[in-house]
Protein chains: 2
Amino acid sequence: MSVTIKDIARLAGVSHTTVSRALNDSPLINEKTKDRIRAIAEEMDYTPNFSAKSLVLDRSYNLGLFFTTLSKGTSAGFFYDAIRGVNSVIQDRYQLIVKGIDDYTSFHSITRKSFDGIIVVSQSDEDQPLIDHAADKGIPLVVLNRPVDTVGVLNVLSDEEQGAFQATSYLIRQGHRNMALIEGRVGFKSAQNRKEGFERALAHHGITLKPSHRFPGLYDLESGYKAMQQFLMLEDRPTAVFCCNDEMALGAMKAISEAGLQVPGDISVIGFDDTVFAAYVTPALTTVRRPIEQISKEGAIRLLGNIENKQYATEQVLLKTELIVRESVHPLQLTGEEG
Amino acid sequence: MSVTIKDIARLAGVSHTTVSRALNDSPLINEKTKDRIRAIAEEMDYTPNFSAKSLVLDRSYNLGLFFTTLSKGTSAGFFYDAIRGVNSVIQDRYQLIVKGIDDYTSFHSITRKSFDGIIVVSQSDEDQPLIDHAADKGIPLVVLNRPVDTVGVLNVLSDEEQGAFQATSYLIRQGHRNMALIEGRVGFKSAQNRKEGFERALAHHGITLKPSHRFPGLYDLESGYKAMQQFLMLEDRPTAVFCCNDEMALGAMKAISEAGLQVPGDISVIGFDDTVFAAYVTPALTTVRRPIEQISKEGAIRLLGNIENKQYATEQVLLKTELIVRESVHPLQLTGEEG
DNA sequence: ATGACTATTGTTAACGTGTGCATAACATGG
DNA sequence: CCATGTTATGCACACGTTAACAATAGTCAT
């Protein structure tokens with residue numbers, strides 16, 4: 001079996017208590033004794049048993065990273081960036097446990113004992129029961145990516161409504177009036193925020209959107225493709241399409257080129273997220289950058305602070321989005337009565 | 001504090017042993033007693049303390065999912081598919097702990113106590129020390145995506161050499177002779193396998209590749225772009241380019257279109273992986289599909305079997321790749337002396 | 001009625017670690 | 001020389017769970 005502090009104690013001719021203290025660098029122990037014990041531990045290749053530590057210290061050394069779902073509707077880039085961001089912060093102090101919220105049939109097993117803290121990358125209101133559960137159990141908690149007002153819960157996100165507003169305003173400044181909207185997945189908060197930013201920009205300029213010019217997408221390539229096919233059959237075909245993410249924008253561009261039309265010559269396309277491939281499709285996609293990795297880093301840092309200081313600071317951190325202008329939007333020649 | 005079996009025992013008027021047995025559905029306990037205890041446990045919202053269980057049962061309920069790196073060189077789609085595949089298998093029996101191997105400064109903390117099993121999604125020979133360490137410690141282990149011959153280690157992967165061979169043969173059948181190769185990241189086994197498949201196909205047809213017609217890529221969009229820029233400056237510009245993954249293929253296509261040339265009219269491009277966006281770029285990318293999600297599922301299933309049956313079956317499972325023909329390869333008019 | 005057997009429950013120790021309290025050795029000050 | 005303080009260590013218990021080994025009561029066959 002594996003080496004324990006008792007084995008070390010026997011070899012060093014001290015009590016296991018002394019070994020425990022020595023290895024935890026307690027000031028109670030003589031420096032020479034510490035060194036001797038450390039040397040023996042090293043030589044015996046001692047590794048602390050984390051189950052035992054957890055039991056007595058009441059800490060699991062686990063951090064939960066929960067996504068709304070691991071199956072559909074989460075884009076790979078988003079997922080990857082989020083994990084990378086968190087991982088870069090926690091180093092080897094914690095184990096990172098990745099879960100899909102929709103994998104749980106019951107939250108019963110989620111307790112203070114099993115998680116020292118939880119990071120919820122929330123895409124939907126439907127995550128609220130989990131968030132409430134965790135908050136209720138008193139587990140330190142940070143919610144990323146979606147605004148939340150549960151008390152005692154940290155919240156880090158980007159201002160997507162504002163980003164969509166900016167992007168749409170840009171389309172309008174380029175002369176577009178007849179626009180279309182490919183929405184995100186129903187129930188996803190981001191879908192709603194982006195839609196609202198889009199609509200606010202239209203309203204701001206007194207433009208109205210016909211029901212025929214909106215389509216409920218699923219955040220995937222295929223739904224963007226299908227949406228665009230619909231738009232292409234309209235009599236008053238839009239001159240510009242706002243897509244609620246880059247994947248759908250790519251799908252839309254595919255439909256346009258298959259119809260023998262050009263982006264942006266015939267139709268302008270704008271995306272959201274600034275996925276890695278956005279700069280490399282042809283034409284390069286104009287889109288809104290959202291600092292996912294930064295959000296998750298920021299969230300992880302604050303969560304760790306919260307866990308270790310035991311001070312529950314509720315605050316919402318709002319990071320800026322940024323419009324990245326590339327080639328997929330074309331200025332429109334205005335036909336006359338323009339103000 | 002939280003409810004323990006002793007609390008339940010007190011309320012039920014039995015010993016805590018009886019409660020433990022009842023909740024584990026031991027045949028030793030009277031059915032009526034079991035029901036009564038279960039009811040009380042339910043009502044008190046009892047959750048077992050996993051640290052305590054782990055300590056006495058010598059099982060951590062943790063499964064490690066290790067990637068070569070979480071920083072650079074792992075594509076988002078690959079990462080996402082791998083996690084999804086494993087996650088779909090383990091359900092709620094284990095916690096999935098995601099790690100980058102290059103995050104470790106020492107493997108010291110990786111023991112039988114901390115992981116019931118480990119899945120290594122290995123992209124490089126440099127992972128070997130970790131694999132050896134885990135095998136040495138007797139941790140049930142499965143290595144995905146890279147061939148490995150350590151004894152007692154499960155191994156699931158796809159035959160990438162064969163996939164590359166097929167894809168290249170297809171290019172040759174379409175009449176291409178002047179080809180170029182954008183290689184994968186140095187040190188990544190997949191890069192080597194794909195290159196070898198490519199070279200075998202060339203050798204099979206007596207075609208030689210000039211040094212100027214190969215470029216070491218990094219598996220990312222940018223390196224594909226740069227590689228293609230190099231090729232475009234050559235006097236004997238290739239008519240077809242084999243890219244070791246789809247990202248680099250997309251980068252290459254970008255460079256081609258920026259140079260005012262057409263894919264596949266002027267230059268044919270072929271990729272590898274069949275990433276989600278491959279079908280949606282324009283032109284749609286011809287590529288080799290690799291069943292990543294299936295590989296990870298298969299690996300996870302076998303690993304769980306191994307953990308639970310304690311039978312160490314060493315076997316290598318090789319899954320097939322598949323050539324997906326789309327639009328990015330054009331048949332070449334042959335100029336005469338062809339056999 | 002006695003011993004053996006079965007069904008059910010309890011007693012006690014164990015897993016590996018950390019900690020409050022006691023203890024011993026030794027120094028310090030008056 | 002004694003009271004007090006300081007430093008270094010050990011003892012015993014605790015954390016929540018499982019399991020080997022009693023123990024008890026009831027049943028059955030002889």
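Naming: A, B, ... by sequence-line order, numbering from 1 per chain. Worth saying up front: this structure is predicted, and the values here are computed from it rather than measured.
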Measuring from the side chain of B:T17 (C-beta onward, heavy atoms only), which nucleotide among D:dT17, C:dG18, C:dT11 has the closest atom?
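It is C:dT11.
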Residue B:V14, side-chain heavy atoms: nucleotide from C:dG10, D:dC11, D:dT17 that is nearest
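Nearest listed nucleotide: C:dG10.
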So what does B:S15 hit on the nucleic acid, given a heavy-atom distance under 4.0 Å: a base, only sugar-phosphate, or nothing?
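Contact class for B:S15: base.
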Using a 4.0 Å heavy-atom cut-off across all strands, classify B:Y46 as base, sugar-phosphate, or nothing.
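Sugar-phosphate: the residue B:Y46, judged by heavy atoms under 4.0 Å, touches backbone atoms but no base.
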Quick check on side-chain hydrogen bond (donor to acceptor under 3.5 Å, both in side chains): which of B:D125, B:D127, B:N193 does B:R146 satisfy it with?
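One option only clears the test, and that one is B:D125.
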Whole-Å distance between [N] [atom2] and [X] [atom1]?
X	N	atom1	atom2	result
A:I5	D:dT9	CD1	P	16 Å
B:D58	C:dA14	CG	P	17 Å
A:L57	D:dC15	CG	P	13 Å
A:K6	D:dC13	NZ	C1'	12 Å

Under 3.5 Å: donor-acceptor pair, side chain of B:K34, backbone of B:S26:
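Flag set: sc B:K34 to bb B:S26 pair under 3.5 Å.
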Please answer whether the main-chain N or O of A:L70 pairs with a side-chain N or O of B:Y80 as donor and acceptor at a distance below 3.5 Å.
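Flag set: sc B:Y80 to bb A:L70 pair under 3.5 Å.
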What about the rings of A:F107 and A:F66, do their centers lie closer together than 6.0 Å?
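No, they do not, as the ring centres are separated by 6.0 Å or more.
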5'-most by nearest nucleotide on DNA chain C - B:V56 or B:G13
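Result: B:G13.
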Are A:R112 and A:F115 in a cation-pi contact, defined as NZ or CZ under 6.0 Å from the six-membered ring centre and within 45° of the axis?
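No, cation not above the ring by the 6.0 Å, 45° rule.
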Give the residues of residues 21-45 of chain A touching DNA chain C, defined as any heavy atom closer than 4.0 Å, sorted by residue number.
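Contacts with DNA chain C under 4.0 Å: A:R21, A:N24.
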If you take atom types as modelled and just measure distance, does the side chain of B:S20 reach the base of D:dA19 with a donor-acceptor pair under 3.5 Å?
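Checked by distance alone, the answer is no.
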